[in-house]
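These notes are about the structure you will find just below.
The figures that follow rest on heavy atoms only: side chains count, while hydrogens, waters and symmetry mates do not.
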Amino acid sequence: MKLPIHLNALKAFEASARHQSFSAAAEELNVTPAAVGQLVRTLEEWLDTPLFHRTNSGKIRLMPTETAERALPDIRAGFDKLSQGLELLQQSPTCGILTVTVSPAFAAKWLLPRLDRFQTLCPDTDVRLDTNLKPIDFAIQRVDIGVRYGTGNWQGLVAEKLMDEEVFPVCSPRLLEQPERLSLPEQLLQETLIHDLSMDEHTGFPKWSAWLEKAGVEKHQSAHNIQINNSAAVLQTAIDGAGIALARSVMVKDDLAAGRLVRLFPEFQFDSPLAYFVVYKPESTELAKTKMFRDWLFTEAIR
C-alpha cells in the first residue's frame with residue numbers, strides 16, 4: 001500500500017470504527033460525513049473487501065467487520081508511531097509540552113505541591129495536567145506519562161512501581177485536646193468515620209472494617225459516618241475536624257508534616273496491596289522530556 005495516498009482514508013476508517021458513525025468521525029476530523037463515507041468506500045474498493053456492516057435502523061448503524069476488527073489495533077498503533085515520530089521532529093530533546101495524567105486527588109495532594117521543582121529543573125518543558133478518575137487511552141489523548149494506582153497491570157503500558165502505601169486513621173489535632181479521647185481503637189466507633197468511596201472500584205483496597213479488624217475491634221459499626229467520593233476531600237474533611245479519616249500514607253504525607261493532621265494508633269501497621277505506578281507507552285522512553293519527568297518522579301518519591 002502506498003501509505004501517503006491512503007493515509008486520509010485510513011484515518012477516516014479508524015475514526016468511523018471508533019465512533020461507529022460517519023457523522024461523529026467527520027466531526028472529529030473536521031470534514032463532512034459524506035467525505036468520510038467516500039474515503040472509507042475508496043479504501044474498501046482498493047482492498048476489495050467491506051470494512052463495515054451498515055444498517056438503516058437501530059442505535060448502532062455502523063459496525064466493523066471481523067476483518068476490520070483484526071486490523072484496527074495495528075492501524076491505531078501505526079498512527080501512534082507516526083504521531084510520536086512527528087513530535088520528535090518538531091521538538092528539541094528537552095522542550096515542548098508534556099502531557100501527564102493523574103487522578104484529581106493525587107494531583108491535589110502530592111503532585112501539584114511539588115511540580116514547581118520540576119519546572120525549575122526543566123524550564124523549557126510545559127506540563128499539561130490531565131486529571132481523570134478513570135484510565136484514559138494514551139494514544140488517543142496523546143498522553144506522555146502518568147501515575148496510576150493499582151496492581152501494576154495496564155495493557156499496552158510500561159508500569160514501574162513508584163511508591164507503596166499504608167493506610168491508617170488520622171484526625172485534626174483539635175480532636176485530641178480532650179484528655180483520653182481516642183486513646184483506644186475501640187473509641188473510634190464513638191466518632192464520625194469518614195469513608196473514601198473513590199476507592200470502591202479498586203479491588204483489594206482496605207476499608208475501615210479491615211483496619212478495625214486488624215486493630216482487634218470486634219464491632220465495625222460507628223456512631224456516625226460520612227461518605228465522600230474524593231480522597232483529597234476526605235482528608236480536608238478530617239482537617240476541618242468533622243471526623244476520623246482512614247488516610248492513605250502518600251496522600252496524607254504533607255498534611256502530617258505540616259501538623260494539619262495527626263496519625264492515630266501508629267502501633268498498628270496496615271500495608272495496602274495497591275501501589276502507585278509510573279505508566280507510559282513503551283515508545284515514549286525515546287522522548288527525553290518523558291524520561292526526565294519519570295526520573296524526577298522517582299527522586300521526589302524518596303524525599
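- A salt bridge links R18 and E14; the closest N-O separation between the charged side-chain nitrogens and carboxylate oxygens is under 4.0 Å.
- Across every non-hydrogen atom of I194 and A238, the tightest pair is CD1-N, 3.7 Å.
- Looking only at side-chain heavy atoms (C-beta outward), L297 and E300 stay at 4.5 Å or farther from each other.
- At least one side-chain heavy atom of L189 sits under 4.5 Å from a side-chain heavy atom of L212.
- Rounding to the nearest 0.5 Å places CZ of F293 at 14.0 Å from CG of L287.
- Taking the side chain as every heavy atom from C-beta outward, R181 and L176 never approach each other to under 4.5 Å.
- Within the 4.5 Å cutoff, no side-chain heavy atoms of F277 are placed close to those of T151.
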Evaluation steps, salt bridge (Lys or Arg N to Asp or Glu O under 4.0 Å), between E267 and K214: CA-CA 11 Å; E267 64 271 22; K214 173 88 172 183; over 6 Å; no
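- With values rounded to the nearest 0.5 angstrom, S103 atom OG is found 9.5 Å from N132 atom CG.
- The six-membered or imidazole ring of F118 lies near that of W296, with a centre-to-centre distance under 6.0 Å.
- In this structure a side-chain-to-backbone donor-acceptor pair under 3.5 Å is missing from E160 to V278.
- Under the 4.5 Å side-chain contact rule for hydrophobic residues, I244 and V234 do not share a cluster.
- Inter-residue side-chain proximity for V143 and V100 is flagged as unmet; no heavy-atom pair is nearer than 4.5 Å.
- Under 3.5 Å, the side chains of Y149 and S272 contain a donor-acceptor pair of N or O atoms.
- Across P185 and F268, no two heavy atoms sit closer than the pair CG-CE1, 3.7 Å.
- Note: R263 CZ to F168 CZ = 4.5 Å, rounded to the nearest 0.5 Å.
- With no hydrogens or angles considered, no side-chain donor-acceptor pair links N229 and S198 at under 3.5 Å.
- Applying the 6.0 Å contact sphere to CD of E27 captures no more than 12 heavy atoms from other residues, nucleotides or ligands.
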Candidate pair R54 and L62, rule side chain to side chain contact (heavy atoms under 4.5 Å, CB included), full reasoning: CA-CA 5 Å; R54 298 165 171 85; L62 199 65; 3.8 Å; yes
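- The one candidate from R303, K109, R114 that meets the salt bridge (charged side-chain N to carboxylate O under 4.0 Å, His left out) condition with D254 is R114.
- Hydrophobic clustering, with ILVMFWY side chains joined whenever heavy atoms are under 4.5 angstrom apart, groups W211 together with L193.
- In the hydrophobic cluster analysis, where Ile, Leu, Val, Met, Phe, Trp and Tyr join through side-chain heavy atoms closer than 4.5 angstrom, L157 is grouped apart from F106.
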From CA spacing to verdict: side chain to side chain donor-acceptor pair (under 3.5 Å), T99, R142: CA-CA 7 Å; T99 303; R142 299 191 69 182; over 6 Å; no
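- In this structure the side chain of L98 reaches within 4.5 angstrom of the side chain of T290, judged on heavy atoms.
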V262/L256 under side chain to side chain contact (heavy atoms under 4.5 Å, CB included): CA gap, chis, key distance, verdict: CA-CA 6 Å; V262 176; L256 292 175; 5.6 Å; no
Intermediate values then yes/no, side chain to side chain contact (heavy atoms under 4.5 Å, CB included), L188 and W208: CA-CA 10 Å; L188 287 167; W208 265 116; 4.0 Å; yes
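- Counting heavy atoms of neighbouring residues, nucleotides and ligands inside a 6.0 Å radius, atom CG of D116 exceeds 12 of them.
- Counting only distance, with no hydrogens or angles, the side chain of E165 and the backbone of V250 share a donor-acceptor pair below 3.5 Å.
- A side-chain donor-acceptor contact under 3.5 Å links S249 to the backbone of E166.
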E66 vs R70, salt bridge (Lys or Arg N to Asp or Glu O under 4.0 Å): CA-CA, chis, key distance, verdict: CA-CA 6 Å; E66 184 178 346; R70 288 200 305 268; 3.6 Å; yes
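- Rounding to the nearest 0.5 Å gives a distance of 4.5 Å between CD of E191 and CG of L182.
- A donor-acceptor contact under 3.5 angstrom links the side chains of Q269 and D271, judged on distance only.
- Put simply, L129 and L162 are part of the same group of oily side chains (I, L, V, M, F, W, Y) that touch within less than 4.5 Å, one to the next.
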Y276/W110 under ring pair (Phe, Tyr, Trp, His ring centres under 6.0 Å): CA gap, chis, key distance, verdict: CA-CA 12 Å; Y276 296 88; W110 194 90; 8.1 Å; no
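- Side-chain contact, E69 with T65: no donor N or O sits under 3.5 Å from an acceptor N or O.
- Nearest heavy atom pair, residue L261 against residue S172, reads CD2-N, 3.9 Å.
- Of all the heavy atoms in S16 and F52, the pair that sits closest is CB-CZ, 3.8 Å.
- Looking at heavy atoms from C-beta onward, M199 lies in side-chain contact with R248 at the 4.5 angstrom threshold.
- In plain terms, the two heavy atoms of P173 and R260 that are nearest each other are CD-O, 3.3 Å.
- Using modelled atom types, one finds no donor on one side chain facing an acceptor on the other under 3.5 Å when comparing H220 with E213.
- For the atom pair CG (D144) and CZ (R294), the distance works out to 15.5 Å, reported to the nearest 0.5 Å.
- Separating the OG1 atom in T192 from the NE2 atom in H195 is a distance of 9.5 Å, to the nearest 0.5 Å.
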Steps toward salt bridge (Lys or Arg N to Asp or Glu O under 4.0 Å) verdict (D196, K207): CA-CA 8 Å; D196 189 346; K207 299 182 180 181; over 6 Å; no
Side chain to side chain donor-acceptor pair (under 3.5 Å) assessment of T237 paired with D240: CA-CA 5 Å; T237 305; D240 293 339; 5.6 Å; no
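- Using a 4.5 Å heavy-atom cutoff, the side chains of P206 and P273 are in contact.
- Contact record, G241 with L175: O-CD2, 3.9 Å, taken as the closest heavy-atom pair.
- L264 and V167 end up in the same hydrophobic cluster when Ile, Leu, Val, Met, Phe, Trp and Tyr side chains are linked at under 4.5 Å.
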